[in-house]
Amino acid sequence: MSLPVVVAGGGIGGLAVATALGRAGRPVRVLEQAPAFTAAGAGLQLGPNAVRLLDAWGLGDGLRERAARPQALVVRDAASGAVLGTLRLGGHFVERYGAPYLTLHRADLHALLEHAARRSGAELVNGVTIENIAETPDSVLTCGQNDSQNAEAAALIGCDGLWSRVREHLLHDGPPQRTGHLAFRAMLPVSTLPAGGQGWAERVSVWLGPQLHVVAYPVRGGDVLNLVAVVHGAPPPGDATAVRSWSQPTDAAALRAALGGIEPDLRELLDAAPGWTLWVLHDRSALPPHGYARGRIALLGDAAHPMRPYLAQGAAMALEDAQTLADCALARPNDWPAAFAIYAERRARRNARVQQRARFNGTVFHAAGWLRSLRNAAMRLRGEALLDSPWLYGGGVR
């Protein structure tokens with residue numbers, strides 16, 4: 001009972017599970033290898049399934065202070081600019097799903113969760129890199145770069161992301177695979193948007209083209225526009241560290257070349273961005289339940305189920321994982337192997353469905369030829385029905 005649960009990784013998933021377990025009365029120690037708790041990346045989108053959880057954790061007011069609340073999702077053809085489909089968000093989603101659809105900077109959600117984790121009693125420790133993991137019937141020992149970084153735990157939760165050391169110890173399944181997609185990202189103040197572009201700060205905009213798509217949505221309470229352009233291509237030459245980075249520096253020339261002929265308004269918007277970073281997208285196949293946990297060790301978030309960003313659910317699934325794991329810990333107190341086994345059974349199917357739908361979306365978004373024509377016709381005919389996902393936004397942890 002005196003041993004804490006050790007959480008490897010202080011990102012959104014790690015801080016979320018620390019918050020959820022702390023609220024359930026479990027002692028938690030979060031080990032983060034970075035020297036400070038900071039968030040990589042840029043913007044993110046939170047559907048009602050995620051917002052409901054944050055509201056339940058008492059974070060709703062802080063979330064709404066930091067987030068933007070887009071009123072619609074509008075999908076266009078990247079070449080012509082023609083509207084293909086629209087999904088009402090705003091009050092329509094609140095009425096339909098009990099919570100809004102919000103967009104915010106990843107760092108704002110991270111800061112909110114860091115405060116919540118500390119308030120729940122979690123110990124947050126920086127500058128610790130887990131080098132080895134040893135298991136006994138009654139505990140787990142994580143070994144760092146020196147004796148002062150060693151920690152004994154009642155259980156270990158791997159929240160250490162796509163390149164997870166905990167996963168490698170548990171599954172020995174090697175590194176993730178490149179998807180062949182590159183994500184260029186930028187941010188620009190709404191006040192600097194091109195003439196006539198202020199409406200972009202009130203909606204999520206998506207442009208679809210052959211082997212590409214672009215997404216724009218507001219963050220920082222609506223003051224900043226987040227831009228993401230995904231194209232097919234090989235990463236630039238560089239070391240392994242750069243390929244793993246969420247935000248390696250790049251220039252706009254490579255993006256312009258990859259986008260080819262796009263409509264003038266979109267081109268003007270992208271040209272207005274002051275600078276770009278590059279994220280080389282990697283992926284893993286969905287895990288069966290027995291891949292999520294073994295004994296006193298479990299995986300959560302990207303360590304278990306990395307998502308391609310084509311359904312905007314990576315953060316949401318990590319939040320759902322966290323609450324489910326805490327619920328299972330309450331149901332099976334002091335029996336971590338049993339709690340983790342239940343958690344794995346509850347989460348594997350939903351996470352796999354989201355992973356598969358995100359992959360499918362990438363195929364549809366980047367379609368060319370007859371598939372593109374079929375997609376555009378279907379979107380014009382049934383846009384809102386195709387863009388909405390009741391199973392996703394209305395499901396999850398209640």
Side-chain angles (χ1 to χ4, degrees), residues 7 9-23 28 30 32 34 36-70 89 93 97 99-120 122 124 126 157 159-162 183 185 187 201 204 215-228 246-247 277 279 300-303 305-307 309 311-326 354 392-393 396-397:
V7 174
I12 286 174
L15 295 175
V17 76
T19 299
L21 286 171
R23 286 169 50 83
V28 182
V30 179
E32 166 56 42
F37 282 90
T38 57
L44 55 79
Q45 303 176 57
L46 291 180
N49 52 312
V51 176
R52 286 194 303 267
L53 273 180
L54 294 169
D55 285 346
W57 293 350
L59 305 180
D61 290 344
L63 176 65
R64 285 161 178 77
E65 288 175 3
R66 295 164 171 81
R69 187 167 170 170
L89 301 175
F93 255 43
Y97 297 118
Y101 193 102
L102 301 178
T103 56
L104 71 163
H105 197 290
R106 180 175 292 270
D108 290 338
L109 177 60
H110 191 272
L112 195 68
L113 289 170
E114 180 185 351
H115 178 72
R118 293 186 189 278
R119 191 175 60 199
S120 72
L124 308 186
N126 291 103
I157 304 171
C159 302
D160 46 344
L162 183 66
R185 302 194 290 190
M187 289 195 167
V204 178
V215 183
Y217 55 83
V219 298
R220 294 276 155 93
D223 293 335
V224 176
L225 195 71
N226 182 71
L227 292 171
V228 184
W246 281 55
S247 54
T277 60
W279 175 25
L300 184 149
D302 282 351
H305 48 76
M307 307 277 178
L311 194 56
Q313 282 287 313
M317 291 302 104
L319 296 175
E320 289 188 11
D321 285 352
Q323 185 59 61
T324 301
L325 194 150
V354 175
L392 178 61
Y393 301 132
V397 184

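Keep in mind that the numbers below use all heavy atoms, side chains included, and drop hydrogens, waters and symmetry copies. Here, residue 1 is the first one in the sequence, and each next residue gets the next number.
Side-chain N/O atoms of Y217 and Q45 include no donor and acceptor closer than 3.5 Å.
Distance alone, capped at 3.5 Å, places no donor-acceptor pair between the H110 side chain and the L15 backbone. The main-chain N or O of Y393 is found under 3.5 Å from a side-chain atom of R52 such that the two form a donor-acceptor pair.
Of the inter-residue distances, the one linking L392 atom CG with Y97 atom OH reads 8.5 Å to the nearest 0.5 angstrom. Once rounded to the nearest 0.5 Å, the distance linking CG of L44 with OG1 of T103 reads 8.5 Å. Taking CG from D108 and CG from L63, the interatomic distance works out to 9.5 Å, rounded to the nearest 0.5 Å. Between the NE2 atom in H105 and the CG atom in D223 there is a gap of 12.5 Å [rounded to 0.5 Å]. Put simply, CD on Q323 and CZ on R23 are 7.0 Å apart, with the number rounded to the nearest 0.5 Å. Distance OG1/T19 to NE2/H115: 10.0 Å, rounded to 0.5 Å.
In this structure, L102 and A67 approach most closely via the heavy-atom pair CB-CB, 4.0 Å. Counting all heavy atoms, side chain and backbone alike, G10 lies closest to V30 at CA-CG1, 3.9 Å. Annotation for L46 and L54: closest pair CD1-CD1, 3.8 Å, computed over non-hydrogen atoms. P306 approaches L162 most closely through the heavy-atom pair CB-CD1, 3.5 Å. Heavy atoms only, all atoms of each residue included: P218 and L225 are closest at N-CD1, 3.9 Å. A pairwise comparison of heavy atoms in A16 and W57 identifies O-CH2, 3.8 Å as the closest pair.
Every pair passing side chain to side chain donor-acceptor pair (under 3.5 Å) that includes a residue from residues 59-70 is listed here, sequence neighbours excluded: D55-R64.
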inquiry  = Before you tell me yes or no, could you show the steps for V28 and V17 under side chain to side chain contact (heavy atoms under 4.5 Å, CB included), namely the whole-Å CA-CA distance, both residues' side-chain angles and the distance that decides it to 0.1 Å?
reply    = CA-CA 9 Å; V28 182; V17 76; over 6 Å; no
message = I'd like to know whether L124 forms a side chain to side chain contact (heavy atoms under 4.5 Å, CB included) with R118, so could you lay out the CA-CA distance, the side-chain angles of the two residues, the decisive distance to 0.1 Å, and finally the verdict.
response = CA-CA 7 Å; L124 308 186; R118 293 186 189 278; 3.5 Å; yes
query = Going through the distances and angles, do R106 and I12 end up as a side chain to side chain contact (heavy atoms under 4.5 Å, CB included)?
reply = CA-CA 9 Å; R106 180 175 292 270; I12 286 174; 3.4 Å; yes
task = Let me see the working for L227 and M187 under side chain to side chain contact (heavy atoms under 4.5 Å, CB included), right down to the final yes or no.
result = CA-CA 6 Å; L227 292 171; M187 289 195 167; over 6 Å; no
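Under the 4.5 Å side-chain criterion, counting only non-hydrogen atoms from C-beta, V215 is not in contact with N226. Contact check for V228 versus P309: no side-chain heavy atoms found under the 4.5 Å cut-off.
With C159 as reference, L300 is the one residue of D302, L300, D321 to meet the side-chain contact (heavy atoms from CB on, under 4.5 Å) rule.
For N49, the side-chain hydrogen bond (donor to acceptor under 3.5 Å, both in side chains) partners two or more places apart in sequence, or in a different chain, are Q313, E320.
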